[in-house]
Enquirer: 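My questions all concern the structure below.
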Protein chains: 2
Amino acid sequence: MDLSIAIRNGNGKPRYQALADELRAEILRGDYPDPAQFPTESILCARYGVSRFTVREALRSLQSEGLIQRRRGSGTVVQPAAARGGALHQPLSNVGEILQYARDSSYVFEPMGTTPLPRKLSVHIGDASGGRWHHFRGLRTRQGEQGPIALTDTYIHPDLAAAARQIRPNEDPVFRQLERLAGLRIARITQDIQAVSASAPVAAALDVPRRSPCLRILRCFVDPSDRIFEISASHHPGDRFAYAMHIEADK
Amino acid sequence: MDLSIAIRNGNGKPRYQALADELRAEILRGDYPDPAQFPTESILCARYGVSRFTVREALRSLQSEGLIQRRRGSGTVVQPAAARGGALHQPLSNVGEILQYARDSSYVFEPMGTTPLPRKLSVHIGDASGGRWHHFRGLRTRQGEQGPIALTDTYIHPDLAAAARQIRPNEDPVFRQLERLAGLRIARITQDIQAVSASAPVAAALDVPRRSPCLRILRCFVDPSDRIFEISASHHPGDRFAYAMHIEADK
DNA sequence: TAGTGGTCTAGACCACATT
DNA sequence: ATGTGGTCTAGACCACTAA
């Protein structure tokens with residue numbers, strides 16, 4: 001009677017990740033109108049024919065994304081969408097979500113040629129190579145908003161110039177295209193959040209008054225060898241954007 | 001010859017957490033001048049007489065705190081302090097770190113009596129009870145800075161008024177004192193980061209010009225039953241404070 | 001090829017919440 | 001008393017890196 005597609009390992013994806021994807025889709029689809037009706041670990045083990053380890057790894061992902069909450073003795077409940085943040089929020093807990101965050105917003109960008117890394121950024125990462133980085137500039141908009149929610153400047157390391165030239169606007173995010181074109185993997189992202197005043201060009205692009213407060217997010221994309229291959233600087237209008245996150249307690 | 005205090009379970013603390021505490025102390029103490037000299041999983045298993053599960057749980061904590069990086073095939077290396085963020089940074093990945101973040105800064109606060117929750121906050125959490133919350137106000141300063149790095153307003157839920165009256169300034173953070181005084185546990189924190197203009201009182205307290213950009217962090221402290229028992233609103237001067245974080249890649 | 005960390009199994013005992 | 005999720009063991013196989 002069990003028609004569920006068994007969680008296999010054929011595609012190369014770990015089982016716990018495939019299981020997490022499956023359960024995440026169910027939750028976002030609204031399959032659990034009653035939050036307490038989420039299956040227990042033992043049920044998931046039986047239903048998908050995997051060990052408890054695999055189930056727990058999958059649920060750990062969902063918990064870190066804020067989709068479920070777990071309590072010893074009681075069980076697992078899905079977190080109501082209302083508690084997951086309001087309209088202008090961007091909850092992020094892993095690289096996958098940075099991609100997925102494009103869900104209900106759209107991003108268009110265009111190539112700006114090559115340039116030395118702006119001084120603020122080169123100081124920030126301690127880069128003194130002085131090479132020319134490929135530069136892209138983009139705007140993120142959200143339906144129902146009266147203006148863009150982000151202006152993003154993206155810089156690609158000089159060593160990846162060949163791949164950078166093949167990047168096409170309006171498809172995947174820049175770092176995903178880079179992964180594919182240059183055959184590299186992203187290991188982690190470091191992020192720096194600061195409040196700044198809108199400079200004239202930023203204010204114009206975001207359609208906000210000059211000097212109005214902006215959230216600036218500096219991201220460094222790092223490969224497994226600790227090389228920074230991409231840097232992005234995003235400016236978000238203070239009144240149209242909030243960065244939401246949740247932090248689990250130590251047990 | 002092994003004089004290491006065995007990782008026990010007597011104190012009630014899980015073994016993996018005791019191990020993480022031990023290794024974290026070693027790293028912060030500078031016991032690994034050569035970052036690559038960090039022990040492998042099998043060495044840690046043998047040295048502390050625990051299973052690989054326990055070791056990996058401990059290392060998972062340290063990795064989420066950005067203290068170590070791990071690579072299949074190569075090994076585990078401690079993350080050089082330089083790569084963990086510069087002077088004004090506050091890296092946070094769990095509740096423990098929010099406490100620990102007091103490391104090289106000092107925080108003083110004073111009671112401000114009781115007040116209805118400010119409208120901005122009550123709207124944010126959807127609270128319409130209208131009760132009077134205990135209010136504390138504090139300043140965080142950092143040695144070597146020419147001004148405070150945070151102005152924090154903390155509000156305690158009316159139900160905890162009895163405990164709130166016993167809170168003493170200049171000791172533990174408010175939420176730690178609440179845990180002790182009211183016998184509650186904190187399950188998680190939700191956080192909202194936004195850029196705002198300094199209002200007159202905020203500007204005066206932070207010693208910055210009026211309307212200068214500020215990072216505002218709204219925190220809701222939630223108990224295991226999903227009740228918000230504390231809310232805090234922190235304002236950080238844009239030019240003296242950055243919020244740093246790191247995000248691991250999906251495997 | 002040897003050794004690393006990543007995934008996975010099948011068990012076990014426990015603290016805790018609910019019945 | 002039952003069942004939940006949290007901790008922990010002892011194995012195993014694998015993908016990957018480095019020598």
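Residue numbering restarts at 1 for every chain, and letters A, B, ... go by the order of the sequence lines.
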Enquirer: Please test Thr190(A) against Ile228(A) for side chain to side chain contact (heavy atoms under 4.5 Å, CB included), starting from the C-alpha separation and ending with a verdict.
Expert: CA-CA 10 Å; Thr190(A) 66; Ile228(A) 297 175; over 6 Å; no
Enquirer: Do Ser234(B) and Thr152(B) meet the criterion of a side-chain donor-acceptor pair at a distance under 3.5 Å?
Expert: yes
Enquirer: Output yes when Asp21(A) and Lys13(A) qualify as a salt bridge under the 4.0 Å nitrogen-oxygen rule, no when they do not.
Expert: yes
Enquirer: Under the ring pair (Phe, Tyr, Trp, His ring centres under 6.0 Å) test, which residues partner His157(A), sequence neighbours left out?
Expert: Trp133(A)
Enquirer: Between Glu41(B) (side chain only) and Arg52(B) (backbone N and O only), is there a donor and an acceptor less than 3.5 Å apart?
Expert: no
Enquirer: Is there a side chain to side chain contact (heavy atoms under 4.5 Å, CB included) between Phe38(A) and Val77(A) once you walk through the steps?
Expert: CA-CA 6 Å; Phe38(A) 196 84; Val77(A) 297; 5.9 Å; no
Enquirer: Rounded to whole angstrom units, what separation is found between the OH atom of Tyr48(B) and the P atom of dC8(D)?
Expert: 15 Å
Enquirer: Please pick, from dT9(C), dT9(D), dT7(D), the nucleotide with the shortest atom-to-atom distance to any side-chain atom of Pro14(B).
Expert: dT7(D)
Enquirer: Write down the distance between CZ (Arg60(A)) and P (dC8(C)), rounded to a whole number of angstrom.
Expert: 14 Å
Enquirer: In whole Å, what is the span from the CG atom of Leu44(A) to the C1' atom of dG5(D)?
Expert: 12 Å
Enquirer: Atom OH of Tyr16(A) and atom C1' of dT9(C): how far apart are they, to the nearest Å?
Expert: 16 Å
Enquirer: Mind listing the N/O atom pairs, protein and nucleotides 3-5 of chain C, below 3.5 Å?
Expert:
{"residue": "dG3(C)", "atom": "N2", "partner": "Gly73(B)", "partner atom": "O", "Å": "3.3"}
{"residue": "dT4(C)", "atom": "O2", "partner": "Gly73(B)", "partner atom": "N", "Å": "2.9"}
{"residue": "dG5(C)", "atom": "OP1", "partner": "Thr76(B)", "partner atom": "OG1", "Å": "3.0"}
{"residue": "dG5(C)", "atom": "OP2", "partner": "Glu41(B)", "partner atom": "N", "Å": "2.9"}

Enquirer: What is the distance, rounded to the nearest whole Å, between atom CZ of Phe53(B) and atom C1' of dG11(C)?
Expert: 14 Å
Enquirer: Which whole-number value in Å describes the distance from Glu57(A) CD to dT7(D) P?
Expert: 13 Å
